[in-house]
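Notes for the one structure printed next.
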Amino acid sequence: MTRFFLTTAIDYVNSQPHLGTSYEKICADVIARYKRLCGFDTLFLMGNDEHSQNVFKKASEEGLDPLAYCDRMEDVFRTAWRRLDVSFDDFIRTTEPRHKAGVTDLVKRIYDAGDIYEGVYEGWYCVSCEEFKQEKDLADGNCPLHPTLKPEWIREKNYFFRLSKYQQPLLDHFAAHPEFMQPDMRRNEILRLIESGLIDVSVSRAGQSWGIPLPWDPGSVVYVWFDALINYASAVGLGHDPQMFARWWPADLHVIGKDITRFHAVIWPAMLMAAQLPVPRQIFGHGFMTLNGQRMSKTLGNLIDPGDAAGRLGTDTLRLYLVKEVAFGGDGDFSWERYDERYNVDLANNLGNLVSRVTTMAVRYRQGRLAPTGAGSDQLARLGERVIADYRRAMDGFALHEGAAAAFRLIDATNEFIAATSPWALAKDAASADRLTQVLFDAAEAIRLSAVLLLPIIPSSGREILDPSGRAGTRRHAPT
RNA sequence: GCCGGAGUAGCUCAGUUGGUUAAGAGCACGCGUCUCAUAAGCGCGGGGUCGGCGGUUCGAGUCCGCCCUCCGGCACCA
């Protein structure tokens with residue numbers, strides 16, 4: 001069986017899951033479920049990023065051992081994702097032994113290849129951002145993102161990764177694999193960045209305990225983002241399970257936010273090249289969700305709890321919104337009005353009502369038993385074929401919104417088909433018996449097909465419709 | 001500042017290489033209608049100088065130039 005290995009970004013555990021992070025997980029989940037539906041042996045990886053100074057600080061503020069704090073957050077995140085029906089197969093934490101093994105192995109490979117060297121880094125450092133700041137990035141000597149916090153001047157021993165050496169190999173890779181970075185707009189941005197020249201990046205911090213020590217210099221730990229990237233490989237065996245690693249590496253797809261494309265499309269492949277390991281096949285940088293046109297942020301206090309959004313009208317409503325109403329790759333906007341609309345229009349009126357009317361007629365006129373009689377045209381079945389083709393083309397290219405739209409085209413056509421064939425009229429005339437059976441069969445078959453196509457997007461509704469116990473058709477309208 | 005993207009009906013958006021889709025879809029709204037159904041479905045309709053100005057062309061949302069507005073990227077932001 002052909003395998004498919006996909007990942008999402010791992011999440012920083014010093015804040016809670018919100019609509020933005022949920023968006024990424026849901027879209028990745030749709031892809032994972034689609035691949036499984038297509039018969040791929042699929043591995044869908046998610047996880048948490050824990051080696052951050054902010055996590056360390058936050059834990060001590062709460063009087064917790066950092067690991068205990070992370071344990072608690074693992075629960076929070078797993079619960080949130082489960083609530084959204086995100087079907088991850090594995091969940092990695094960067095404090096796990098398997099991850100330490102992977103990081104140690106990869107860093108050592110790069111070091112042995114001569115692409116990590118010792119140097120000195122000095123500059124302004126913002127503890128909250130956990131990064132060095134250029135003089136030009138400071139506003140009145142303070143970090144613009146944390147104006148109340150004095151940046152620290154730090155001079156420390158650092159190890160650097162020879163990223164500059166990989167400019168040409170990266171350019172070659174981009175040229176040979178145009179699909180490597182998607183969408184194209186992100187690809188072009190990254191390409192220009194590489195063309196303009198790459199500088200070496202620091203990959204370690206000195207004098208810290210919260211992190212993974214460098215194997216040749218235990219006094220330094222691996223810089224958090226360098227550490228984090230490696231999760232994709234350590235989860236599938238790098239440094240501890242060669243057989244598993246051989247089976248699953250390289251990843252087929254990294255689903256990430258557009259803000260971290262540089263790490264994934266430049267530094268990560270360069271790290272792997274240095275370690276003589278294969279690079280991932282594809283990286284997809286999705287857009288961000290806004291709320292009523294405004295950027296969501298902690299400071300604005302307009303973060304949406306995904307549990308609340310799923311709770312109002314169901315997880316499927318939220319998933320359908322995020323997948324069908326947002327062109328995957330671009331930014332999207334969320335509003336409660338449009339959320340309700342998805343439920344009323346798509347799930348209740350078009351899909352739910354269709355299932356309800358067809359099942360009622362099938363039971364009333366044919367005791368729920370349908371079979372083709374050959375009396376009638378195959379127009380609906382032919383449309384179904386076209387919809388499947390459109391759907392697959394869209395989903396294979398990660399145009400998730402077009403895939404959803406294709407499925408709903410068939411649903412709309414089935415409602416029109418019923419109006420055009422008027423089965424209730426056929427039921428009044430015994431001469432139309434075969435015709436009626438065929439019409440109901442065609443409609444039921446179109447529903448079945450739609451439900452299958454929608455399984456990756458709205459898994460719970462899809463399963464409900466396909467459930468042979470016949471419990472479909474219980475939906476009602478959104479409360480007004 | 002430099003590079004890139006976008007500006008099409010109230011809202012969200014389609015519109016391949018310019019001409020039988022030069023004005024479309026969905027939602028919302030109005031009217032009509034069937035009755036199998038979750039006050040759902042189906043049909044019809046209103047409404048837009050396709051950001052502005054100029055140009056190329058027999059003909060331009062669709063090409064070129066300039067301008068306006070919004071957005072993204074410009075290296076260590078998980």
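Chain letters run A, B, ... following the sequence lines, proteins first, then strands; residues in each count from 1.
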Check A:Asp200 with A:Lys165, please: is the shortest side-chain N to carboxylate O separation under 4.0 Å? no
Bracket notation of RNA chain B in which parentheses pair within the strand, [ ] cross earlier pairs, and | pairs with another strand (Watson-Crick or G-U, under 3.5 Å): (((((((..((((.....[....)))).(((((.......))))).....(((((..]....))))))))))))....
Are A:Arg393 and A:Asp390 ion-paired here, with the side-chain N under 4.0 Å from a carboxylate O? yes
Measure from the side-chain heavy atoms of A:Leu193 and tell me the nearest of B:A75, B:C76, B:A40. B:A75
Which of B:A75, B:G4, B:C36 is nearest the side chain of A:Met361? It is B:C36
Looking only at the side chains, is there a donor atom on one of A:Asp434 and A:Gln438 sitting less than 3.5 Å from an acceptor on the other? no
Between A:Glu341 and A:Arg338, is there a salt bridge with N-O shorter than 4.0 Å? no
What distance do A:Met271 atom CE and A:Asp115 atom CG have between them, rounded to the nearest 0.5 Å? 11.5 Å
Mind checking if A:Asp200 touches a base, just sugar-phosphate, or nothing, with heavy atoms under 4.0 Å? base
Have a look at A:Leu354 and say if it touches a base, only the backbone sugar-phosphate, or nothing, with a 4.0 Å heavy-atom cut-off. nothing
Integer angstrom distance from the P of B:A75 to that of B:G52: 36 Å
Can you confirm if the aromatic rings of A:Phe263 and A:Trp225 lie within a centre distance of less than 6.0 Å? yes
Rounded P spacing from B:C50 to B:C63 in Å: 15 Å
Do the charged groups of A:Arg448 and A:Glu445 touch, with an N to O distance under 4.0 Å? yes
At a cut-off of 3.5 Å, list every protein nitrogen or oxygen paired with a nitrogen or oxygen from nucleotides 26-32 of chain B, distance to 0.1 Å.
unit_1	atom_1	unit_2	atom_2	d
B:C27	O2'	A:Glu341	OE1	2.6
B:C27	O2'	A:Glu341	OE2	3.0

Donor-acceptor pair, A:Lys25 side chain versus A:Ala9 backbone, under 3.5 Å? yes
Please give me every residue in residues 421-438 of chain A whose heavy atoms get under 4.0 Å of an atom in RNA chain B, ordered by residue number. A:Trp424
Could you tell me whether B:G61 is syn or anti, where syn means a glycosidic angle within 90 degrees of zero? syn
Categorize A:Gly47 for me: base, sugar-phosphate, or nothing, with a 4.0 angstrom heavy-atom threshold over every strand shown. nothing
May I ask you to check whether A:Tyr117 and A:Phe160 place their ring centers less than 6.0 Å from one another? yes
When rounded to the nearest Å, what value does the distance between C1' atoms of B:U49 and B:G61 take? 12 Å
Base, sugar-phosphate or nothing for A:Ile256? Non-hydrogen atoms, less than 4.0 Å. nothing
What distance separates A:Ile418 CD1 from A:Leu440 CG, expressed to the nearest 0.5 Å? 8.0 Å
Under 4.0 angstrom between A:Arg364 side-chain N/O and B:A37 OP1 or OP2: yes
Taking the basic N atoms (NZ, or NE/NH1/NH2) and the acidic carboxylate oxygens, is any pair closer than 4.0 Å for A:Asp429 and A:Arg435? no
Distance, C1' atom - from B:G46 to B:C31, rounded to whole angstrom: 10 Å
For A:His254, which contact category applies under a 4.0 Å heavy-atom criterion: base, sugar-phosphate, or nothing? nothing
Testing B:A78, B:C76, B:G72 for proximity to the side chain of A:Glu189, the answer is B:G72
Looking only at atom C1', what distance separates B:C34 and B:G24, rounded to whole Å? 28 Å
Provide the distance between the two C1' atoms, one in B:C58 and one in B:U33, to the nearest whole Å. 47 Å
Using the C1' atoms only, state how far B:A78 lies from B:U17, rounded to an integer number of Å. 41 Å
Per A:His264 side chain, nearest of listed nucleotides B:A40, B:A78, B:C42: B:A78
As a quick check of understanding, evaluate ring-ring contact (aromatic ring centres under 6.0 Å, His included) for A:Phe328 and A:Phe284, giving each step before the final call. CA-CA 10 Å; A:Phe328 193 47; A:Phe284 193 99; 4.3 Å; yes
Between B:A40 and B:G51, how far apart are the P atoms? Round to whole Å, please. 36 Å
Would you classify A:Tyr365 as touching base, sugar-phosphate or nothing, given that sugar-phosphate means primed atoms plus P, OP1 and OP2, and contacts are heavy atoms under 4.0 Å? sugar-phosphate
Indicate, with a heavy-atom threshold strictly under 4.0 Å, whether A:Asn188 touches base, sugar-phosphate, or nothing. nothing
Among B:G43, B:A78, B:G72, which nucleotide has an atom closest to any side-chain atom of A:Glu416? B:G43
